[in-house]
Amino acid sequence: MDREKRKIKYSVRLTFVTIFFLFIALSIGLLNTYPTISSRDIVFANKRETMLSQISVMSSSLSALENLSVEGVHQVMELVDVYEFDRVIVTDADSQILYDSADRRSITSRVLFAEVLDALEGNVVFHSDYDGDAFLSRAACPVVSYGRTIGCVYLSQNDSQQAQLIGEIQTRLRNISIVGGVVTLAIIVLFTNALTRRIRELAGAVRNVREGGYGYRIRPEGRDEVTALAEEFNDMSQHLQDTDELRRRFVSDASHELRTPLASIRLLSDSIVQSDNMDEETMREFVTDIGSEAERLQRLTEKLMMLTRMDADVEIAIAPVDIKKVAESTIHLLEPLADERQVSIEMELSEDCIISANEDSLYQIVFNLAENAIKYNVKGGTVFIGLDKSEDLVKLWVEDSGIGIPKEDLENIFSRFYRVDKARSREAGGSGLGLSIVHDAVESFGGEIYVEPSEMGGSCFTVLFPLWEEAQYE
């Protein structure tokens, strides 16, 4: 059943652009807000310090008067710098104005500013507001003489110059942030386009491979995670291509190997059916040949099933196995074949050569190597089986005095269905799968196998296994 494709609901490019746009908008907001607030707070602090300092001097000067009067206050205020303030007011204890720098006609009237009333109660007061066009600051301080509040001093200042400066800074920051935001957003769009283009290319490549185009490759660009993903994809598609080629070759070779005994069985059976006057001896010979081909077909099927299990990584029981015992029992079974081929078997097996393996699989390894050494030997030839161990390895080798293997065939000898001499291999009952099974089984136990010419004239197969350690099973 075809799997329903999941529709793309959110574009990666749109998601990236949206996230970065929100981040830029937040950054612009902070850039246009925080400096203004910080500058305003600095101005507030500076004005507070300045005005309270000035009003404290005025209050101290006026406190030298036991009672505040218009004449006395004017005499004192003439000695104090009041020009930097927009308005300076001095009142008596009843909030009646005794001095007003802005309007002399208001003298003798009362002032009811909240700051003045608060100062007459003995509090030092400061307030400052910013409306975007100017800083409006007010301060009030009581005049105390001999522990008695005899009046207060009130200052006000309307500062538009610093407000204008802050406004210009804010305008420049806004312009800079807008230009920077637009440029950054354009760069992000270009970046996301490049990134999503590579992702789309990778998705297209996956579709090609899914449809069977295992030869498709991506040209890696850059040195980022997407590049690493592209390289992994290329490795995967190469592996799939190799696997597909092996599968095709395996199916082709298996079909060919299965077709040969089946064709022989069909030919022999048709000959029996079509012959009306076949004598009993000839018929018995034909039936014997049919049985031989059936046995060959069975052996081939068993080997194919074994290779399938190995390819599927079917878990098998692993335990300590003594190779010497397995080798002795295997050679005992092969002695009739050796006698039939007039081949002698010599063994030199060391004790305590124990490895971590499966006994049945180890039997297959020894059996296939020894059987090949017997089958492809010469009359009167010899097969030597050796077993030895070192500190951490067990070495098993099988060599013969047979026909040997040409150098050009050595690198393919463990490939499936590969046979050096096809005619002679088929005559000997070989399928080209035995050494492939041996190779896969050896590797499954962490060992390695290689072949080289033997000093006896034939070939020498050497297998190295890790020596079993008791700590592995504690």
Would you indicate whether E348, at its atom CD, is surrounded by more than 12 heavy atoms from other residues, nucleotides or ligands within a distance under 6.0 Å?
no

Locate the shortest heavy-atom distance separating F135 from K47; write the atom from each residue and the value.
CB-CE, 3.9 Å

Less than 4.5 Å apart, any side-chain heavy atom of L467 and any of E391?
no

Using side chain to side chain contact (heavy atoms under 4.5 Å, CB included), reason through I365 and V326 one step at a time and then give a plain yes or no.
CA-CA 10 Å; I365 294 172; V326 175; over 6 Å; no

What I'd like to find out is whether the side chain of F445 reaches to under 4.5 Å of the side chain of V321, using heavy atoms alone.
no

Rounded to the nearest 0.5 Å, the CD1 atom of I449 sits from the CZ atom of F465 at a distance of 8.0 Å

Is the closest side-chain heavy-atom distance between F44 and R48 below 4.5 Å?
no

Could you give me the CA-CA distance, side-chain angles and deciding distance for Q164 and Q161, then say whether side chain to side chain contact (heavy atoms under 4.5 Å, CB included) is met?
CA-CA 5 Å; Q164 182 180 1; Q161 184 176 1; 5.6 Å; no

Could you walk me through whether W397 and D388 pass the side chain to side chain contact (heavy atoms under 4.5 Å, CB included) test, one step at a time?
CA-CA 9 Å; W397 68 97; D388 198 3; 4.0 Å; yes

On a heavy-atom basis, which atom in K324 and which in L387 lie closest, and how many Å separate them?
N-CD2, 3.6 Å

May I ask you to test the L464-V442 pair for a side-chain heavy-atom distance under 4.5 Å?
no

CG (D322) and CD (E359) are apart, to the nearest 0.5 Å, by 9.5 Å

Minimum heavy-atom distance V394-C353, with the two atoms named:
CG1-CB, 3.9 Å

To the nearest 0.5 Å, how far apart are OG in S459 and CD1 in I413?
7.5 Å

Kindly compute the distance separating CD1 (I385) from CD (E328), expressed to the nearest 0.5 Å.
10.5 Å

Any heavy-atom pair between the side chains of I323 and L362 that's under 4.5 Å?
yes

Under the side chain to side chain contact (heavy atoms under 4.5 Å, CB included) criterion, do L393 and K395 qualify, and how do the steps go?
CA-CA 6 Å; L393 289 176; K395 177 181 177 181; over 6 Å; no

Report yes or no: does S444 contribute a side-chain atom to a donor-acceptor pair with the main-chain N or O of A441 at less than 3.5 Å?
yes

List the atom of C141, the atom of I55, and the distance in Å for their closest heavy-atom pair.
N-CD1, 3.5 Å

Take atom CD in E452; do more than 12 heavy atoms of anything else shown fall under 6.0 Å from it?
yes

Minimum heavy-atom distance between E399 and E455, given as atom pair plus value
OE1-N, 4.1 Å

Any luck finding a side-chain donor-acceptor pair between N158 and D86 under 3.5 Å?
no

For M51 against S137, the heavy-atom pair lying closest together:
SD-CB, 3.5 Å

Could you state the interatomic distance from CG (L334) to NZ (K375), rounded to the nearest 0.5 Å?
9.5 Å

Distance alone, cut at 3.5 Å: any donor-acceptor contact between the side chains of N377 and S401?
yes

Can you tell me if S237 uses its side chain to pair, donor with acceptor, with the backbone of N234 under 3.5 Å?
yes

Close side-chain approach of F461 and I405, heavy atoms under 4.5 Å
yes

Close side-chain approach of R217 and Q238, heavy atoms under 4.5 Å:
yes

Contacts of type ring pair (Phe, Tyr, Trp, His ring centres under 6.0 Å), residue F126, not counting sequence neighbours
none

Under 4.5 Å between any side-chain heavy atoms of N368 and L435, yes or no?
no

Mind checking the NE2-CD spacing from H439 to E443? Nearest 0.5 Å is all I need.
4.0 Å

Taking E84's backbone N and O only, do any of them form a donor-acceptor pair with Q157's side chain (distance below 3.5 Å, no angle check)?
yes

